[in-house]
Trainee: 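One structure, as structure tokens, below. Some questions next.
A, B, ... follow the sequence lines: proteins, then strands. Residue 1 opens every chain.
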There are 2 protein chains.
Amino acid sequence: MKPVTLKEIAEQLNISVTTVSKALKDYPDISKKTKAMVKELAQTLNYKPNAFAVNLRTKESKTIGLIIPEIVHHFFSSVIKGIVAQAEKKGYLVIILQSNESYDLEKKQIQLLMSQRVDGILISLANGTAEYNHITDVLAQDKPLVMFDKIAKIVKCSKVIIDDRKAAYTATQHLIDTGCKRIAHFRGALLPQNSIDRFLGYKKALLDNNMPYDPSLVYICECGDNSFEEGKMNARQLLKDHNNVDGIFINTDLVAIGAITEFNEQGVKIPEDISIVGFSNWFMSSVISPSLTTIDQPGFEMGKAAFKQLYREMQQVKKKEPIVYKEIVLETGLIKRQSTKEVLHKMKQI
Amino acid sequence: MKPVTLKEIAEQLNISVTTVSKALKDYPDISKKTKAMVKELAQTLNYKPNAFAVNLRTKESKTIGLIIPEIVHHFFSSVIKGIVAQAEKKGYLVIILQSNESYDLEKKQIQLLMSQRVDGILISLANGTAEYNHITDVLAQDKPLVMFDKIAKIVKCSKVIIDDRKAAYTATQHLIDTGCKRIAHFRGALLPQNSIDRFLGYKKALLDNNMPYDPSLVYICECGDNSFEEGKMNARQLLKDHNNVDGIFINTDLVAIGAITEFNEQGVKIPEDISIVGFSNWFMSSVISPSLTTIDQPGFEMGKAAFKQLYREMQQVKKKEPIVYKEIVLETGLIKRQSTKEVLHKMKQI
DNA sequence: GTTCATTTCGAAATCGTTTTCGTTAACTAA
DNA sequence: TTAGTTAACGAAAACGATTTCGAAATGAAC
């Protein structure tokens, strides 16, 4: 009933616990006969080392912590999948915590993971997080920690991100290339780095193309929950405020889908009247009508890369080497669909 | 740098480790003065008990394992969220493993969780699982385990499910109530219990309404991955095979959305020509055009209920009581949207 | 002053492994 | 024979916390 221990194996074989332990781990000072004997009995008794005891001695838990703002989210669940898959390959278990975009919760969860003695932490910051002592505390203890997606540039640690600015630039450029003259931007919440960078990319694309940047065309959402409703609201507001906008670059696909729905309901034609580019390439973006041109954000790959970097750092700690931080930038791509027009080749050539 | 231990606190205070431990846990045989002293120092030193040491003694890990077939899935990620939220309330951590619908992997992961000495296991079975020794082994060791969603009826343990049969019956009945005369069914893979039950509900609804059951109207997919493509394929095939089908009950929303897309492309009008009911109530079902009538499958609640039952069992084990298994059936609802017609009240009254 | 109860603390065992450092016995070389 | 190797095993000390069982000190009761 109760799990088998080394002691029980030792007693049955009339040898010491030490010998059993060494035999199972193929120490050179144990005879082949004894090893065979021990291994066989361990096998038949279905012996599994008690992870606690091992961890207590070795100070390795073979476990990492993962904190994300929101689990029910296509992008984040892809990231989880990437992390879990990669971790399993290396024999690591993943403990998942959800911060619900709350700084307080995030802080508590970090504490929890530390007291659990996880070997490393993977985190995507909550929108509410503007102070980073809870993070730097971890780093100060030489505990590997890597941020992904929602990061804080100011904190010195490894990061896995996409180039939001560049991607946003690409998205906006595409609107320009397809003939849009007056381009709005739904930027979501004010604070998160992604939101800022995407906004900057949008702005830069405008200026590089000698188009005026008009702040009244940038829609910020105090709530900042990147919801379907947010998209509808913003779209409704935009129609009230302006009548000559012909393109929108939207922070997130879900918001974009909200906007599309609103435009559809109000009889605004996409892309004839207004072109739209989203961000993330959620599955449903290909399914909605009209399908949504968007930026592909590789969640699975990000999860993989984040774990790989964390693993590297964990190895460094093991070897008592100094941790070397890396910033990994993943490639994104523009996925052209029906919500934007064809590129005007002639225009570009002229 | 290194985490603080009881011993260090004891040394600084010139008292024994025992006293420190007791003081922190409010044992009655420690004076108030000492308690205050200890607690204060522990606070300033930011002492966190070493989870391994505690677990080794108490034989409780305050950790549960969760095995799911697929993380990137709206329903399952909702379940995860429900579990994680509830577990956190009770001070439990969740280790997530993904079986990728593979029996072999699932088996290994169970072993892994057992050697990690998790206090309990939550599992949704892989499609590939047809043998249950790995599960009954766990149960035999009096380790709490509860199945959810994809369960095996044959295994004696707690289960949290919805009444697939009843829900499918409701869905089919709704098609009938809205005037459909010839109703097809896309059932997905052959094996999973859900698939079977939904099929049976569909069939029973037909027979109860004196409508003929025609096996050629039931589309099985060998691949059984419940994909968008599967929906398109089935829809295409259906149009070839039959010209008088006016309603379809589809196993999963994603497949239904595939079908809708195909019908849209081929100019088949929904719901005028064909009415469709899906299953799951994924977010995108409300967003697609026409929006999809579907069965609401409460993922978050299922996760909550599953953890609650597991918690109950873990408490029973703690108190050395026998584990009492429960089968919890969650309510589902029919969400009426545009993919089905209005109910024909007159028809029903006659 | 003796006995008994109460308060407050600590020594030590324990959980299951790992690892260091001996110890024995057998064997080799001279 | 003796010294020096080598092979094979075990005792014991960790790891950090919990808990049992005493022990000392104090106070109360007579």
Side-chain angles (χ1 to χ4, degrees), chain A residues 1-39 41-42 45-63 91 112 114-119 141 318, chain B residues 1-39 41-42 45-63 91 114-119 141 317-318:
Chain A
M1 202 70 120
K2 289 292 116 193
V4 188
T5 67
L6 286 187
K7 199 174 160 193
E8 286 164 34
I9 298 183
E11 279 166 3
Q12 287 202 34
L13 256 33
N14 255 325
I15 56 179
S16 75
V17 172
T18 308
T19 307
V20 176
S21 172
K22 285 179 174 173
L24 288 174
K25 310 192 80 192
D26 268 328
Y27 272 56
D29 63 346
I30 302 295
S31 70
K32 282 177 190 164
K33 241 183 283 177
T34 314
K35 280 184 188 170
M37 209 173 61
V38 170
K39 284 181 180 172
L41 185 59
L45 257 44
N46 192 26
Y47 166 78
K48 303 273 176 210
N50 182 317
F52 303 145
V54 176
N55 298 343
L56 182 57
R57 273 288 317 210
T58 62
K59 295 178 171 319
E60 248 199 318
S61 66
K62 286 284 184 180
T63 293
L112 189 59
M114 290 302 279
S115 85
Q116 269 287 319
R117 305 292 195 274
V118 293
D119 293 339
Q141 293 181 42
K318 237 171 146 173
Chain B
M1 202 71 119
K2 289 292 115 192
V4 188
T5 67
L6 285 188
K7 199 174 160 191
E8 285 164 36
I9 297 184
E11 279 166 4
Q12 286 202 35
L13 258 30
N14 255 325
I15 55 178
S16 75
V17 172
T18 308
T19 307
V20 176
S21 172
K22 285 180 176 174
L24 288 173
K25 308 192 82 194
D26 268 330
Y27 271 56
D29 62 348
I30 303 294
S31 70
K32 281 177 189 163
K33 242 184 283 178
T34 315
K35 279 185 188 170
M37 210 173 63
V38 170
K39 283 180 180 172
L41 187 59
L45 258 44
N46 193 23
Y47 167 78
K48 303 274 176 211
N50 182 316
F52 303 146
V54 176
N55 298 342
L56 183 57
R57 272 286 318 210
T58 63
K59 305 201 165 301
E60 248 198 317
S61 65
K62 285 282 182 181
T63 293
M114 289 302 279
S115 88
Q116 269 285 320
R117 305 291 196 272
V118 293
D119 293 338
Q141 292 182 43
V317 167
K318 238 173 145 173

Trainee: Can a side chain N or O of B/Tyr47 be found less than 4.0 Å away from OP1 or OP2 on D/dA17?
Mentor: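 For D/dA17, OP1 or OP2 has a side-chain N or O of B/Tyr47 closer than 4.0 Å.
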
Trainee: Compare side-chain N and O positions of A/Lys32 against OP1 and OP2 of D/dA8 and report whether any pair is under 4.0 Å apart.
Mentor: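 It does not, given that no N or O in the side chain of A/Lys32 lies less than 4.0 Å from OP1 or OP2 of D/dA8.
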
Trainee: Any idea which of C/dC15, C/dA11, C/dG16 is nearest the A/Leu56 side chain?
Mentor: C/dG16

Trainee: Tell me the interatomic distance from A/Lys7, atom NZ, to C/dA13, atom C1', rounded to whole angstroms.
Mentor: 11 Å

Trainee: Hey, does A/Ser21 reach any base, or is it just sugar-phosphate, or nothing, if we go heavy atoms under 4.0 Å?
Mentor: base

Trainee: Where do B/Ser115 and A/Lys48 come nearest, in terms of heavy atoms and distance?
Mentor: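 Where B/Ser115 meets A/Lys48 most closely, the heavy atoms are CB-CB, 3.6 Å.
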
Trainee: Establish, with yes or no, whether the OP1 or OP2 oxygen of D/dC9 is under 4.0 angstrom from a side-chain nitrogen or oxygen of A/Thr34.
Mentor: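 For D/dC9, OP1/OP2 do have a side-chain N/O of A/Thr34 under 4.0 Å.
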
Trainee: Counting heavy atoms from C-beta on, name the nucleotide in C/dT18, D/dA17, D/dT18 closest to the side chain of B/Thr5.
Mentor: D/dA17

Trainee: Between A/Val20 and A/Arg117, which is nearer to the 5' end of DNA chain D once each is assigned its nearest nucleotide?
Mentor: A/Val20

Trainee: Give one of base, sugar-phosphate or nothing for B/Thr18, where a contact means two heavy atoms less than 4.0 Å apart.
Mentor: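 It contacts base atoms.
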
Trainee: Expressed in angstrom and rounded to an integer, what is the separation of A/Lys33 atom NZ from D/dA7 atom P?
Mentor: 16 Å

Trainee: With heavy atoms under 4.0 Å as the rule, sort A/Pro49 into base, sugar-phosphate or nothing.
Mentor: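 Sugar-phosphate contact only - A/Pro49 comes under 4.0 Å of backbone atoms but never of a base.
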
Trainee: Salt bridge check: are B/Arg117 and B/Glu60 linked by an N-O gap of less than 4.0 Å?
Mentor: no

Trainee: Whole Å only: how far is the CD1 atom of A/Ile9 from the P atom of C/dG16?
Mentor: 13 Å

Trainee: Base, sugar-phosphate alone, or nothing: which one does B/Phe52 contact when heavy atoms must sit under 4.0 Å apart?
Mentor: nothing

Trainee: I want to verify a distance call: between C/dT8, D/dA8, C/dG16, whose nearest atom is closest to the A/Asp29 side chain?
Mentor: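 Per side-chain heavy atoms of A/Asp29, the pick is D/dA8.
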
Trainee: Tell me which one of B/Leu41, B/Thr34, B/Thr19 satisfies side chain to side chain contact (heavy atoms under 4.5 Å, CB included) with B/Leu13.
Mentor: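 The option that passes is B/Leu41.
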
Trainee: Rounded to the Å, how far apart are B/Arg57 CZ and C/dT17 C1'?
Mentor: 16 Å

Trainee: Shortest non-hydrogen contact from A/Val4 to A/Tyr47?
Mentor: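 Of all heavy-atom pairs spanning A/Val4 and A/Tyr47, the closest is O-CD1, 3.4 Å.
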
Trainee: Is B/Asn50 touching bases, backbone alone, or none of the nucleic acid, heavy atoms closer than 4.0 Å?
Mentor: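 Touches sugar-phosphate only.
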
Trainee: Between C/dG10 atom C1' and B/Ile30 atom CD1, what is the distance in whole Å?
Mentor: 9 Å

Trainee: Take the protein atom OH of A/Tyr27 and the nucleotide atom P of C/dG22, then report the distance between them rounded to whole Å.
Mentor: 17 Å

Trainee: What is the separation between atom CG on B/Asn55 and atom P on D/dC15, rounded to the nearest whole Å?
Mentor: 18 Å

Trainee: Pick the nucleotide of DNA chain C nearest each of B/Thr19 and A/Lys22; which residue has the one closer to the 5' end?
Mentor: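 In this pair, the answer is B/Thr19.
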
Trainee: Hey, is the side chain of A/Ser31 poking within less than 4.0 Å of OP1 or OP2 on D/dA7, counting only N and O atoms?
Mentor: no

Trainee: Would you kindly say whether A/Ser61 and A/Asp119 are connected by a side-chain donor-acceptor distance under 3.5 Å?
Mentor: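 Note: A/Ser61 and A/Asp119 side chains meet the donor-acceptor criterion.
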
Trainee: For A/Lys59 and C/dT19, give me the distance from atom NZ to atom C1', rounded to whole Å.
Mentor: 14 Å

Trainee: Which comes earlier along DNA chain C counting from the 5' end, the contact point of B/Val17 or that of A/Leu6, where each point is its nearest nucleotide?
Mentor: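 Nearest nucleotide further toward 5': that of B/Val17.
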
Trainee: For salt bridge (Lys or Arg N to Asp or Glu O under 4.0 Å), just list the numbers for A/Asp26 and A/Lys39, CA-CA rounded to whole Å, side-chain angles, deciding distance to a tenth of an Å, and then say yes or no.
Mentor: CA-CA 10 Å; A/Asp26 268 328; A/Lys39 284 181 180 172; 3.0 Å; yes

